[in-house]
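What follows is a set of notes on a single structure, which appears directly below.
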Amino acid sequence: MAAELGLTPEEYEQALACNVVVDCPDKKNPTSGAIAGEAGKIATGSHLFMNPEGKPHPHRAGCRIHNFKYPRDFIEVSVDAAELALRKSWKADMTQDGLSATPKKRPKGCTKPYPLDETETVLEPGHEVLVISAHPEGMLGEDGLPIAPRYDLPVAQLCHIKRAIRPSNPKPTVYYTDCDGGNGASGGLLFADMGGRRYPKAVVSRGGPADVDGEDYSEERGSGTAFVAIDFDFLDLVMGRPIRSAIPDTSAAAVSESPHPAFSISQMIIDYRGPGNPPEVGRIVKTDKSSWWDPGQNKRYKESIDSGSIILTEESIGTKLKIDTNENRIFKATGSGWEVLYDITPMN
């Protein structure tokens with residue numbers, strides 16, 4: 001099976017160890033998720049833990065997981081109340097159907113959680129993807145008869161992206177696919193090969209009605225499966241950092257009514273708007289102890305300190321910025337040294 005799906009032996013072992021079954025009290029069917037990112041959190045669906053109106057399920061306190069390698073090794077999981085409070089109705093807005101849960105311990109054998117794609121590249125229609133989930137309800141065998149659920153092996157399938165909807169930031173992307181899904185597949189991961197490396201890109205949100213199972217993809221008929229991408233707000237949750245939609249408003253009106261250009265630095269935000277600056281610039285926001293994000297240009301930086309100045313190194317291509325609060329300037333590294341990028345008059 002692994003070879004047919006394009007999995008190496010190591011990737012197959014990772015699938016058994018790091019993809020999980022989520023089992024909650026009062027839920028008819030166990031559902032799915034996976035251990036992803038450096039924080040070791042579970043990427044899954046909000047509707048496993050929240051009702052359609054966006055309120056926490058009472059049963060969430062008793063939820064457990066197990067992987068497929070050690071299906072009898074149950075592990076307690078929890079969802080942070082603050083995270084639940086940030087999510088809204090997933091029924092009204094599918095982009096809200098992404099959540100991270102925290103296992104009490106990492107599942108046995110999952111030594112390498114899945115890496116996450118922080119470039120947040122949107123998959124194009126036609127991109128082949130691999131979906132791994134728990135056993136969905138009503139799955140049929142080759143003889144057309146229902147297969148009894150098994151929770152010691154995942155269900156995997158190859159399928160394709162049919163449509164991608166990129167909402168306004170910071171909401172995650174929604175994918176429509178020709179994958180088959182059903183109760184139990186919710187929270188299962190969609191993987192895509194990107195530059196020779198396979199990344200988890202989305203989780204199962206919802207499928208079509210049972211009477212169209214197995215039909216060719218048709219949005220009119222409702223056949224196919226929809227996914228919420230692990231990008232933007234959802235990526236932040238799985239990474240264990242503040243979500244972007246919760247970042248304070250630092251628009252010019254919110255910062256100051258002063259006619260002077262805004263240049264302020266606090267523990268969390270560098271604000272560098274000003275006359276003459278291009279419209280895409282505005283702020284760089286601190287997302288954790290040593291990471292910053294520029295939402296206007298969708299760039300991420302790692303922080304270091306040099307002689308009292310903040311040095312920000314852009315993660316993908318290594319561009320360096322220096323924030324000098326004594327000179328009230330932002331510099332950019334060049335081959336010959338530091339070049340002034342923005343010369344800003346501080347706020348009064």
Dump the intermediate steps for side-chain contact (heavy atoms from CB on, under 4.5 Å) on Lys332 and Lys322, then the final yes or no. CA-CA 6 Å; Lys332 181 178 180 179; Lys322 180 169 72 169; over 6 Å; no
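- For the residue pair Ser186 and Leu48, the shortest heavy atom distance occurs at CB-CD1, 4.0 Å.
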Please test Leu190 against Leu130 for side-chain contact (heavy atoms from CB on, under 4.5 Å), starting from the C-alpha separation and ending with a verdict. CA-CA 6 Å; Leu190 175 152; Leu130 170 68; over 6 Å; no
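- Annotation: side chain of Glu120 is in contact with side chain of Leu235 (closest heavy-atom distance under 4.5 Å).
- Counting only distance, with no hydrogens or angles, the side chain of Ser100 and the backbone of Leu237 share a donor-acceptor pair below 3.5 Å.
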With a 3.5 Å cut-off and sequence neighbours excluded, list the donor-acceptor pairs that the side chains of residues 61-71 form with protein atoms.
residue: Asn67; atom: OD1; partner: Lys69; partner atom: N; Å: 3.3
residue: Asn67; atom: OD1; partner: Tyr70; partner atom: N; Å: 2.7
residue: Asn67; atom: ND2; partner: Ala17; partner atom: O; Å: 3.0
residue: Asn67; atom: ND2; partner: Lys108; partner atom: O; Å: 2.8
residue: Lys69; atom: NZ; partner: Glu13; partner atom: OE1; Å: 2.7

Go through Thr44 and Ser32 one step at a time and tell me if the side-chain contact (heavy atoms from CB on, under 4.5 Å) criterion holds. CA-CA 7 Å; Thr44 188; Ser32 309; over 6 Å; no
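- Smallest separation of non-hydrogen atoms from Met94 and Val228: O-CG2, 3.1 Å.
- Between Leu153 and Tyr12, the shortest heavy-atom distance links the atoms CD2-OH, 4.0 Å.
- By the criterion of side-chain heavy atoms lying less than 4.5 angstrom apart, applied directly or through intervening Ile, Leu, Val, Met, Phe, Trp or Tyr residues, Val204 is not grouped with Val20; the two fall into different hydrophobic clusters.
- Residue Ala15 comes nearest to Tyr114 through the heavy atom pair CA-OH, 3.2 Å, listed as atom of the first residue, atom of the second, then distance.
- Each of Tyr175 and Ile132 belongs to its own hydrophobic cluster when Ile, Leu, Val, Met, Phe, Trp and Tyr are linked at side-chain heavy-atom distances under 4.5 angstrom.
- Between Arg106 and Pro113, some side-chain heavy-atom pair lies under the 4.5 Å cut-off.
- A distance-only check finds a donor-acceptor pair linking the side chain of Gln157 to the backbone of Asp180 [under 3.5 Å].
- Side-chain contact between Glu38 and Pro115 is absent, with no heavy-atom pair separated by less than 4.5 Å.
- Seen from the ring of Phe232, Arg166 counts as a face-on cation partner, given the 6.0 Å and 45° thresholds.
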Given the rule in the side-chain contact (heavy atoms from CB on, under 4.5 Å) test, do Leu321 and Tyr301 qualify, once you have shown the distances and angles that lead to the verdict? CA-CA 9 Å; Leu321 300 179; Tyr301 297 88; 3.7 Å; yes
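- At a threshold of 4.5 Å between non-hydrogen side-chain atoms, the residues Glu314 and Lys320 do not count as touching.
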Begin with the C-alpha distance, continue with both residues' side-chain angles, and end with the deciding distance and a verdict on side chain to side chain donor-acceptor pair (under 3.5 Å) for His160 and Thr177. CA-CA 6 Å; His160 298 85; Thr177 72; over 6 Å; no
Assess whether salt bridge (charged side-chain N to carboxylate O under 4.0 Å, His left out) is satisfied between Asp93 and Lys171, documenting all intermediate values. CA-CA 10 Å; Asp93 183 354; Lys171 291 183 176 182; 2.9 Å; yes
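- Between Val21 and Thr31 there is no side-chain heavy-atom pair separated by less than 4.5 Å.
- Checking side-chain atoms of Gln14 against main-chain N and O of Lys112 turns up a donor-acceptor pair under 3.5 Å.
- No side-chain N or O of Lys302 forms a donor-acceptor pair with one of Thr313 less than 3.5 Å apart.
- Following chains of ILVMFWY side-chain contacts shorter than 4.5 Å, one cannot reach Ile230 starting from Met194, and the two form parts of different hydrophobic clusters.
- Asn51 contributes a side-chain N or O that, together with a main-chain N or O of Lys55, makes up a donor-acceptor pair within less than 3.5 Å.
- Taking the six-membered ring for Trp, Tyr176 and Phe227 have ring centres at least 6.0 Å apart.
- The nearest pair of heavy atoms linking Ala36 to Val238 is O-CG1, 3.7 Å.
- Contact record, Pro103 with Ile35: CG-CD1, 4.4 Å, taken as the closest heavy-atom pair.
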Evaluate the criterion salt bridge (charged side-chain N to carboxylate O under 4.0 Å, His left out) for residue pair Arg198 and Asp193; output intermediate values, then yes/no. CA-CA 4 Å; Arg198 201 185 304 270; Asp193 192 317; 5.3 Å; no
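- With hydrogens and angles ignored, the 3.5 Å screen pairs no side-chain donor or acceptor of Thr173 with any backbone N or O of Val122.
- Although no hydrogens or angles enter the test, the distance criterion places no donor-acceptor pair under 3.5 Å between the side chain of Thr102 and the main chain of Lys41.
- The side-chain heavy atoms of Pro200 and Leu116, taken from C-beta on, include a pair separated by under 4.5 Å.
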Is there a salt bridge (charged side-chain N to carboxylate O under 4.0 Å, His left out) between Asp117 and Lys201? Walk through the geometry before answering. CA-CA 7 Å; Asp117 171 28; Lys201 291 289 291 180; 2.6 Å; yes
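- In terms of the ring pair (Phe, Tyr, Trp, His ring centres under 6.0 Å) criterion, Tyr199 has no residue partners (sequence neighbours excluded).
- Transitive grouping of hydrophobic side chains (ILVMFWY, heavy atoms separated by less than 4.5 Å) brings Trp338 and Val340 into a common cluster.
- Contact check for Val131 versus Leu189: no side-chain heavy atoms found under the 4.5 Å cut-off.
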Could you list the donor-acceptor pairs under 3.5 angstrom formed by side chains in residues 72-80, with sequence neighbours left out?
residue: Asp80; atom: OD2; partner: Ala82; partner atom: N; Å: 3.1
residue: Asp80; atom: OD2; partner: Glu83; partner atom: N; Å: 3.3

